Protein chains: 2
Amino acid sequence: MARPRGFEPDTALAQIKDAFWRRGFDATSMQDIEAATGLKKQSLYRLYGDKRGMYLKALDHYGAHEAAEAAALLAGDGSAKARFERLFTHVVDSAVKDGDRRGCFLCNASIDQAPVNDDTRVSVARLMKAVRDAFDGALAASEPYKSKSAVRKQKAALLLASYFGLRVLVRAGMDEAVLRAAVRQAVAGI
Amino acid sequence: MARPRGFEPDTALAQIKDAFWRRGFDATSMQDIEAATGLKKQSLYRLYGDKRGMYLKALDHYGAHEAAEAAALLAGDGSAKARFERLFTHVVDSAVKDGDRRGCFLCNASIDQAPVNDDTRVSVARLMKAVRDAFDGALAASEPYKSKSAVRKQKAALLLASYFGLRVLVRAGMDEAVLRAAVRQAVAGI
DNA sequence: CATATTTGTTACCGATTCGTCCAAAATTCA
DNA sequence: TGAATTTTGGACGAATCGGTAACAAATATG
């Protein structure tokens with residue numbers, strides 16, 4: 001009894017996410033979002049609320065897909081070292097081979113929106129915690145990290161910093177040589 | 001034969017830098033800059049050109065001061081490990097004790113402006129190269145890095161990533177425990 | 001003192017922003 | 001067919017944006 005929706009809300013949200021991911025919150029106008037989705041503002045506002053709502057939903061979408069995919073790479077089989085090598089190499093490969101220089105949406109949001117918007121800050125904190133847990137879990141796959149939680153915490157902290165830093169370097173356009181070197185050294189220390 | 005300037009251009013630029021540092025390029029309006037400096041737009045435009053010019057000059061100011069100060073910490077005396085411990089500990093201390101959660105301006109610029117603005121991208125690349133050189137130089141203070149440039153390059157790459165990642169975590173509001181742990185593990189690997 | 005030049009202040013410009021409102025067209029189900 | 005609901009489209013508004021022009025105040029030099 002009602003006209004059916006002419007598009008898929010989830011793929012539209014994925015397109016919104018991509019727009020925010022590339023250019024950040026402020027530099028992405030509603031016009032940009034209309035162009036990215038092929039929809040009109042009316043439909044967008046009705047479905048996702050205001051621009052901030054779209055951004056937060058896009059961030060959640062990132063957590064449910066890209067971040068979860070990364071967590072899956074860490075949760076696979078193999079030693080702790082093998083798991084992190086998988087993740088870090090994947091990051092550099094997609095940057096170099098696919099030319100994906102968007103970096104990490106969570107990382108981008110941490111820098112340009114978390115400090116100025118409360119809702120974004122709590123979303124970022126929540127997603128960050130999930131990433132930390134995934135890192136911790138992957139380390140716990142091998143000794144001595146499995147039994148020694150203190151050294152595991154410390155190692156996980158450095159891996160977390162290295163991971164985000166790597167993705168900053170990717171977005172900054174750093175040369176492949178440096179990215180590869182960082183990955184090699186990071187996994188060598190596990 | 002002309003009226004003298006009623007303010008100090010360098011301190012005004014430092015205030016402009018602080019504003020952009022905190023909120024990024026887009027979220028910082030000319031009104032914000034007026035408030036930060038206590039000057040009127042006319043004086044600002046006359047002295048620094050347009051908003052983008054102010055941003056680029058602020059970025060340079062960061063390179064000449066904060067980044068140079070960090071390089072000085074690395075260029076002091078002591079072993080390579082001691083030098084990086086100095087730098088990394090300083091980062092965490094200023095975040096925790098002084099409550100400075102602005103993060104790294106160069107890192108912030110890499111994420112929110114370098115991908116969308118050419119001038120910013122070249123400035124970022126230039127500053128990033130200076131940081132890399134400083135890291136490489138500090139590593140070369142100790143063996144085996146002094147003689148083995150291959151392992152030095154690799155180690156420097158990870159330290160660079162760890163450094164930027166650490167500063168992202170700072171801006172994201174990460175707990176002191178994690179920051180300290182990352183620093184301990186980072187210097188332990190030197 | 002007078003003139004020249006820079007600074008500081010106010011007003012204003014056109015463009016763009018996000019968001020709302022309203023009406024017409026489209027489409028499915030009763 | 002008619003009722004319900006969505007999409008589309010434009011118009012609109014209030015606010016803010018970056019940037020410019022014009023004018024008054026101040027000061028150094030002649």
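In what follows, every chain begins at residue 1, and chains take the letters A, B, ... in the order their sequences are listed. These numbers were taken from a predicted model, which means no experiment stands behind them.
Take B/His65 and apply the ring pair (Phe, Tyr, Trp, His ring centres under 6.0 Å) test, not counting sequence neighbours, and it matches B/His61. Residues passing the ring pair (Phe, Tyr, Trp, His ring centres under 6.0 Å) test with B/Phe88, sequence neighbours excluded: B/Tyr163. Residues that satisfy the ring pair (Phe, Tyr, Trp, His ring centres under 6.0 Å) test with A/Phe84, not counting sequence neighbours, are A/Phe135.
Within residues 48-62 of chain A, the residues having any heavy atom closer than 4.0 Å to DNA chain C are, in order of number, A/Asp50, A/Lys51. Taken residue by residue, residues 33-43 of chain B places heavy atoms nearer than 4.0 Å to DNA chain D at B/Lys41, B/Gln42.
B/Gln15 and B/Thr11 form no side-chain donor-acceptor contact under 3.5 Å, judged by distance and modelled atom types alone.
The salt bridge (Lys or Arg N to Asp or Glu O under 4.0 Å) pairs that include a residue from residues 60-73 of chain B are B/Lys17-B/Glu66, B/Asp60-B/Arg126, where partners are two or more places apart or lie in different chains. Residue pairs that meet the salt bridge (Lys or Arg N to Asp or Glu O under 4.0 Å) test with at least one member in residues 20-31 of chain A, sequence neighbours left out, are A/Asp18-A/Arg22. Residues in residues 43-56 of chain A take part in no salt bridge (Lys or Arg N to Asp or Glu O under 4.0 Å) pair, two or more places apart or across chains. Screening residues 72-89 of chain B for salt bridge (Lys or Arg N to Asp or Glu O under 4.0 Å) gives B/Asp77-B/Arg86 as the qualifying pairs, with residues at least two apart or on separate chains.
Rounded to an integer number of Å, the gap from CG of B/Asp26 to P of C/dT16 is 15 Å. For the pair A/Leu44 CG and D/dG9 C1', the computed distance is 14 Å after rounding to whole Å. Taking atom CE on B/Met30 and atom P on C/dG14, their separation rounds to 20 Å, with Å as the unit. Between A/Tyr45 atom OH and C/dT20 atom P there is a gap of 7 Å when expressed in whole angstrom units.
Between A/Arg46 and D/dT7 there is a side-chain polar atom (N or O) within less than 4.0 angstrom of OP1 or OP2.
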